[in-house]
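To find a chain, count down the sequence lines: A is the first, B the second, and so on, and within it residues start at 1.
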Amino acid sequence: MAFEQEEILQITSKIESWFTKSARDFPWRNDDFPWGRLVCEFMAQQTQIDRVAQRWPIMLQRFPDAKSMAISDEQGVLELWQGLGYYRRAKNLKKTAEVLESEFGGEVPSDIESLLQLPGVGKYTAGAIASIAFEKHAPIVDANVHRVLCRLCNHAGESTPSTWTWQISESLVTSCNSPRLFNEGLMELGATVCTSRSPSCDDCPLQSCCSAYKENTQRDIPPSKKRAMKKCVYHYSVVVEHEGELAFEQRKDSGLWAGMWQVPTIDSDIKLTEAQVRKKLHLKNKLVSIGEFEHVLSHRIISFSVFSCKLARERRFFWVKQDLLHELPLASAQRKVLAVHCIA
DNA sequence: GAGGCGTGGAC
DNA sequence: TGTCCAAGCCT
């Protein structure tokens, strides 16, 4: 263990006290309840919390409890998830709502073991719900906590949450007064003070116990993540219009943008000609190029080519009136495709 | 364990 | 402008 018991009590008490007076005003902090917290944690996975704050009230208004989501269809959840990315989270949230309804009487369980059974709930999310919604002394380590704890101990090892950090987190939360205040406070400190780029050490309640601050190593801890090389691929989208309606198809249930909708599109590892795209999509009329753009993901660089095509209304497509497009679950790249069509 | 899985803000 | 990053999970 990295800390003496006395240091642990100092650290936990300083964090709880700092958070009590410095907590930002997020909508879920007005009346925290387990389902709201669970939805918040799903939306917050790999997503900056300020963006979650805009979407969370809309999601909770439509789905105020697990039952309302459990009996709805997945499309409604995906619709409200548009633009947030990592759409598997939306599908897992819907599945989790169903499990809560069928296995847990519609309530969010408070123990880690039960929480970990829920699809889309890993060690962090389970710990966050148990500690923040139920005041359980359960550890959490997200990117913020990992950074704060590594700096606190001048631990230069791992770039991402590690066994070491989880042990430190557990040793602290075990002895804290309020797991809700301590865990959320530790995250909030990392998000607002002990930031990745330029930490505001002069505003930090832990400055006097921070080993990295003493050694002036805080800007190098933790080390940057190794990021995989982005693979370049090609997507060909065709806007098919017929009497004010556009043709759409749904992407398959797994992989990129799973379950989201798109205008007829071909994904390809290699460049294709207009004729090849037309043949693969079984379109009879010539495709007219109306624009191109690049869409960058965490693991791909996608070169989009956009075409338009005149066509009779075919039943194999789902036809949507132009003024109802906002109800269709579309990833951001497809919004860009539609923007190209609007300008053209 | 390494890669798939998005997006937009910050600098 | 390009690079890094974010309240991670799953396979």
Checking all strands, does [X] fall into the base, sugar-phosphate, or nothing category for heavy-atom contacts under 4.0 angstrom?
{"X": "A:R251", "answer": "nothing"}
{"X": "A:R29", "answer": "base"}
{"X": "A:R147", "answer": "sugar-phosphate"}

message = Quick check on C:dG8: is either OP1 or OP2 less than 4.0 Å from any side-chain nitrogen or oxygen of A:T160?
response = no

inquiry  = Between A:W35 and A:L100, is there a side-chain heavy-atom distance shorter than 4.5 Å?
reply    = yes

task = Could you tell me whether the side chain of A:W257 reaches within less than 4.5 Å of the side chain of A:L297, counting heavy atoms only?
result = yes

Nearest whole angstrom, please: distance from the [atom2] of [N] to the [atom1] of [X].
{"X": "A:H146", "N": "C:dG8", "atom1": "NE2", "atom2": "C1'", "result": "14 Å"}
{"X": "A:R227", "N": "C:dC4", "atom1": "CZ", "atom2": "P", "result": "7 Å"}
{"X": "A:K91", "N": "C:dT11", "atom1": "NZ", "atom2": "P", "result": "13 Å"}
{"X": "A:R180", "N": "C:dA7", "atom1": "CZ", "atom2": "C1'", "result": "16 Å"}

Identify all side-chain donor-acceptor contacts of residues 118-143 of chain A below 3.5 Å with residues at least two apart in sequence or on another chain.
residue, atom, partner, partner atom, Å
A:Y124, OH, A:E41, OE1, 2.8
A:T125, OG1, A:Q45, NE2, 3.0
A:S131, OG, A:G127, O, 2.7
A:S131, OG, A:A128, O, 3.4
A:S131, OG, A:N183, ND2, 3.0
A:E135, OE1, A:S178, OG, 3.2
A:E135, OE1, A:R180, N, 3.0
A:E135, OE2, A:S178, OG, 2.9
A:H137, ND1, A:V173, O, 2.8
A:D142, OD1, A:N144, N, 3.2
A:D142, OD1, A:V145, N, 2.8
A:D142, OD2, A:N144, ND2, 3.1

task = Look at the aromatic rings of A:F293 and A:F304 and report parallel, tilted or perpendicular, splitting at 30° and 60°.
result = parallel

query = For the residue pair A:F317 and A:W319, does the interplanar ring angle fall in the parallel (under 30°), tilted (30 to 60°) or perpendicular (over 60°) class?
reply = perpendicular

task = Sugar-phosphate atoms are those with a prime plus P, OP1 and OP2; base atoms are the rest. Using that split, label each nucleotide of nucleotides 3-11 of chain B B, S or - for protein heavy atoms under 4.0 Å, 5' to 3'.
result = -BBBBS---

inquiry  = Tell me which residues in residues 106-138 of chain A lie within less than 4.0 Å of DNA chain B, going by non-hydrogen atoms.
reply    = none

Distance-minimising heavy-atom pair for A:V263 and A:Q334 = N-OE1, 3.0 Å

